[in-house]
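Notes for the one structure printed next.
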Amino acid sequence: MTEQPTSFERPQPGADPAEARGALLRTPKPPGSPALPVQTRADSAPSGPGTATPRGKGKDGKGKEPPVNGPEHSQPAAADPGAHRPRPAPETIPPQPGGEPDRVTGGQERRTGRGLPPGRPMPMRRDGDRLRFVGAATRRIARGLDLDEIVMGLCRATVPTFSDAILVYLRDPLPVGDERPTGPVVLRLRRTDRIPEERDTDGVPLPSAFEPEPEPAALTDLSALTTELCEVRPGGALNEVLRGVRPVFADAPAARAALPELLGEGGEVVVPDGQHAILAPLRGRRRVIGAALFLRRPERLKFEADDLLVAAQLATHSALGIDKAVLYGREAYIADELQRTMLPETLPRPTGVRLASRYLPAAETARVGGDWYDAIPLPGSRVALVVGDVMGHSMTSAAIMGQLRTTAQTLAGLDLPPQEVLHHLDEQAQRLGTDRMATCLYAVYDPVTHRITIANAGHPPPVLLHLGGRAEVLRVPPGAPIGVGGVDFEAVELDAPAGATLLLYTDGLVESRLRDVWTGIEQLREKLAATARLTGPDHPPPLEALCDEVLDMLGPGDRDDDIALLAARFDGIAPSDVAYWTLEPEVAAPGQARRLARRALARWDLEELTDSVELLVSEVVTNAVRYASRPVTLRLLRTDVLRCEVGDDVPQLPRLRQARATDEGGRGLYLVNKLARRWGATRLSTGKVVWFELNRG
């Protein structure tokens with residue numbers, strides 16, 4: 001999409017007319033005020049009284065030449081010390097040749113004798129001026145980080161100092177690195193810029209005495225007169241100019257044939273006659289990626305041969321900057337995708353616990369790191385809460401974090417104790433490399449027993465916020481970091497009362513250059529307690545708001561590391577909503593299971609589910625007692641859904657299959673799959689659990 005400039009700096013009265021983005025307006029002098037000498041070209045003759053001293057004649061008439069024009073020039077000393085002196089021009093991009101016709105006394109053009117329109121920069125007459133302009137322009141282009149900033153820097157650096165208008169075309173899509181583009185080369189008009197209509201600071205049109213000459217229709221709306229897309233035909237004139245790399249004047253034979261192909265049918269009115277336009281290819285490190293068209297009005301001086309060198313420098317610096325911006329954008333995209341896939345996209349909704357999380361990178365330039373969090377549903381309505389931190393915040397740290405997180409998910413699926421999970425993670429880190437170290441905290445919450453089991457591997461301890469507002473730093477054995485090797489991990493079991501909130505975090509939240517880790521943990525504890533007091537002793541603070549409040553404790557100097565935060569609100573399951581039985585592995589077990597389930601549903605006023613529950617319980621229990629050698633467990637949980645769990649000592653998981661018409665069995669799991677809301681099977685260290693859920697009406 002073509003972007004037109006919408007805001008420009010308006011020149012202020014009393015400033016130097018050589019200001020970068022257009023000459024500043026000259027304030028009329030009141031009658032009787034002493035007139036300042038008017039600058040003229042060094043090789044021109046004076047035009048009348050009040051002009052500058054001619055070449056070879058100084059102020060004192062002894063042959064010394066006064067300096068003129070720009071930073072290397074100065075105004076002759078005024079006779080009256082109280083006379084008005086113009087303000088010095090700020091350091092900016094010097095003007096280019098042709099910016100304004102030569103001036104004579106009274107502010108007239110030497111060629112036409114007409115009054116000078118405002119908004120024209122002073123012309124430069126030395127190669128040093130061009131060098132200063134190129135230096136300032138390339139610095140402005142180099143300040144851009146992304147594609148749009150670099151293109152805008154090119155436009156703002158050249159208009160109106162070097163040209164009155166500019167059109168920038170870039171390949172669509174832009175090639176990245178060494179990849180070879182497929183299909184035809186297509187140029188898209190990325191941006192246009194031109195000298196704006198002069199208005200005062202309040203948006204009021206200028207008085208007629210200072211109103212500039214109307215712009216030619218060709219420069220009023222460049223995007224409307226040119227095509228947005230241009231296909232570069234192999235062997236065509238535009239292709240030959242782009243392959244030549246060097247800028248050319250618009251009146252050159254190659255450019256005259258290439259411009260209609262670039263601009264389209266209506267583009268001929270955009271380009272003035274003669275050497276008032278330059279077509280400059282934009283070449284990156286390996287290929288041409290676009291083109292820039294510099295335009296001057298017909299009344300301005302033509303481009304000179306040295307201006308081709310200026311256009312070449314601007315095009316080269318812009319193209320290299322665009323190349324780097326495209327590569328940086330691709331790396332940022334890869335980093336964002338890596339971070340998105342390394343961390344959970346959404347958190348699960350396990351029974352009896354509510355979850356919230358946050359992740360903050362260390363900085364905008366380091367979007368990925370080694371911090372991670374996870375919540376993994378476990379058999380028996382339990383949930384595993386994990387938070388870890390790999391050393392460093394780079395692509396390598398993120399890759400190691402992804403491997404450790406995947407390992408933790410696999411180990412959690414085996415329903416191993418927390419200390420065993422950390423032991424296997426330690427072995428995995430040693431296999432990845434001798435210098436691969438990380439901290440990790442692994443906790444398992446059981447909503448039925450209202451207990452939590454925690455094992456730690458060198459990670460900061462969690463904080464438990466009780467319902468009454470008391471914040472407690474849990475005493476958990478610190479352990480050694482993952483990757484050290486040869487270390488035993490210890491697990492502790494603690495109470496997890498209903499309404500309490502457990503906060504797991506990485507050290508980036510509590511440690512920085514301004515504070516040590518224990519000072520940060522104490523500040524975190526005080527912040528949680530203060531937040532809980534705002535909602536009262538009987539109502540815990542909302543989880544999302546609590547996470548935001550915790551992150552608000554970070555100061556300007558506290559973002560030295562990335563931050564992972566996981567908050568878990570323990571709701572638990574009341575004992576009255578749990579029914580648990582043990583059945584002997586015998587033929588009568590399915591009938592006994594149906595009777596027990598019927599009584600529990602009657603007690604919970606869920607008789608409408610009796611038929612479905614009896615059928616599914618009978619099928620699952622029948623499969624369990626067929627192969628079990630130890631007692632079978634049956635548990636019903638009433639929450640927002642009705643959940644049934646059947647456990648046995650056989651590790652093989654059942655598999656859904658399509659029974660043939662002649663088979664006598666094999667339809668049990670098919671019925672479960674059709675009637676249940678969800679179902680699954682999880683392997684335990686002592687066997688397996690098959691479960692299913694039904695909606696409550």
Side-chain angles (χ1 to χ4, degrees), residues 1-12 15-25 70 89-100 118-124 129-170 189-199 201 212 215 219-223 226 247 270 277-280 282 289-297 300 303 307 310-325:
M1 178 180 295
T2 304
E3 181 179 356
Q4 296 288 350
T6 56
S7 62
F8 298 85
E9 299 176 359
R10 193 193 76 85
Q12 299 294 326
D16 195 324
E19 181 65 18
R21 290 201 57 78
L24 305 182
L25 297 179
E91 295 184 2
T92 180
I93 300 175
Q96 276 287 317
E100 179 182 285
R120 297 290 186 270
M122 287 284 293
M124 290 189 301
D129 293 334
R130 286 189 174 89
L131 291 177
R132 283 193 297 272
F133 165 74
V134 171
T138 53
R139 285 193 299 271
R140 184 165 191 171
I141 295 170
R143 284 199 296 265
L145 292 179
D146 58 14
L147 180 62
D148 292 332
E149 289 180 352
I150 294 173
V151 175
M152 181 179 294
L154 171 64
C155 295
R156 295 298 172 86
T158 55
V159 177
T161 311
F162 181 70
S163 62
D164 293 329
I166 183 175
L167 292 87
V168 181
Y169 287 83
L170 296 180
L189 182 60
R190 186 77 185 194
R191 184 180 176 88
T192 66
D193 204 351
R194 64 181 179 84
I195 296 179
E197 181 182 358
E198 296 290 344
R199 291 181 178 271
T201 56
E215 294 183 354
L219 299 183
T220 55
D221 192 357
L222 298 174
S223 60
T226 57
V270 174
I278 294 178
L279 178 59
L282 302 178
I289 60 175
L293 182 61
F294 304 95
L295 303 173
R296 283 185 182 174
R297 293 183 177 88
R300 287 190 63 181
F303 286 111
D307 292 328
V310 174
Q313 288 293 322
L314 297 177
T316 300
H317 283 275
S318 301
L320 293 177
I322 291 171
D323 251 0
K324 293 180 181 179

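Counting from 1, the numbers follow the sequence of the chain as shown.
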Nearest atoms (heavy-atom pairs only) where Arg143 meets Glu149: O-OE1, 4.4 Å
Heavy-atom closest pair, residues Val168 and Cys155: CG2-SG, 4.0 Å
Contact check, side chains of Leu154 and Arg191, non-hydrogen atoms, under 4.5 Å: no
Any Arg190 side-chain heavy atom under 4.5 Å of Ile322 side chain: no
Main-chain N/O of Gly135 paired to Thr138 side chain as donor or acceptor, under 3.5 Å: yes
Minimum-distance pair of heavy atoms, taken over all atoms of Leu147 and Ala325: N-CB, 3.8 Å
Residue pair Ile278 / Val310, side-chain heavy-atom distance below 4.5 Å: no
Donor-acceptor contact below 3.5 Å, side chain Thr316 vs main chain Ala312: yes
Distance-minimising heavy-atom pair for Pro160 and Arg300: O-NH1, 3.7 Å
Nearest heavy-atom neighbours spanning Phe294 and Ala311: CE1-CB, 3.9 Å
Nearest-0.5 Å distance, OH of residue Tyr169 to CG of residue Leu293: 7.5 Å
Aromatic plane relationship, Phe133 with Phe162 - under 30° parallel, 30 to 60° tilted, over 60° perpendicular: parallel
Spacing of CG belonging to Asp193 relative to CG belonging to Leu167, to within rounding of 0.5 Å: 10.0 Å
Spacing of Arg139 atom CZ and His317 atom NE2 [to the nearest 0.5 Å]: 11.0 Å
For the student: nearest non-hydrogen atoms of Ala137 and Leu314, plus distance: CB-CD2, 3.6 Å
Minimum side-chain heavy-atom gap Leu295-Asp164 below 4.5 Å: no
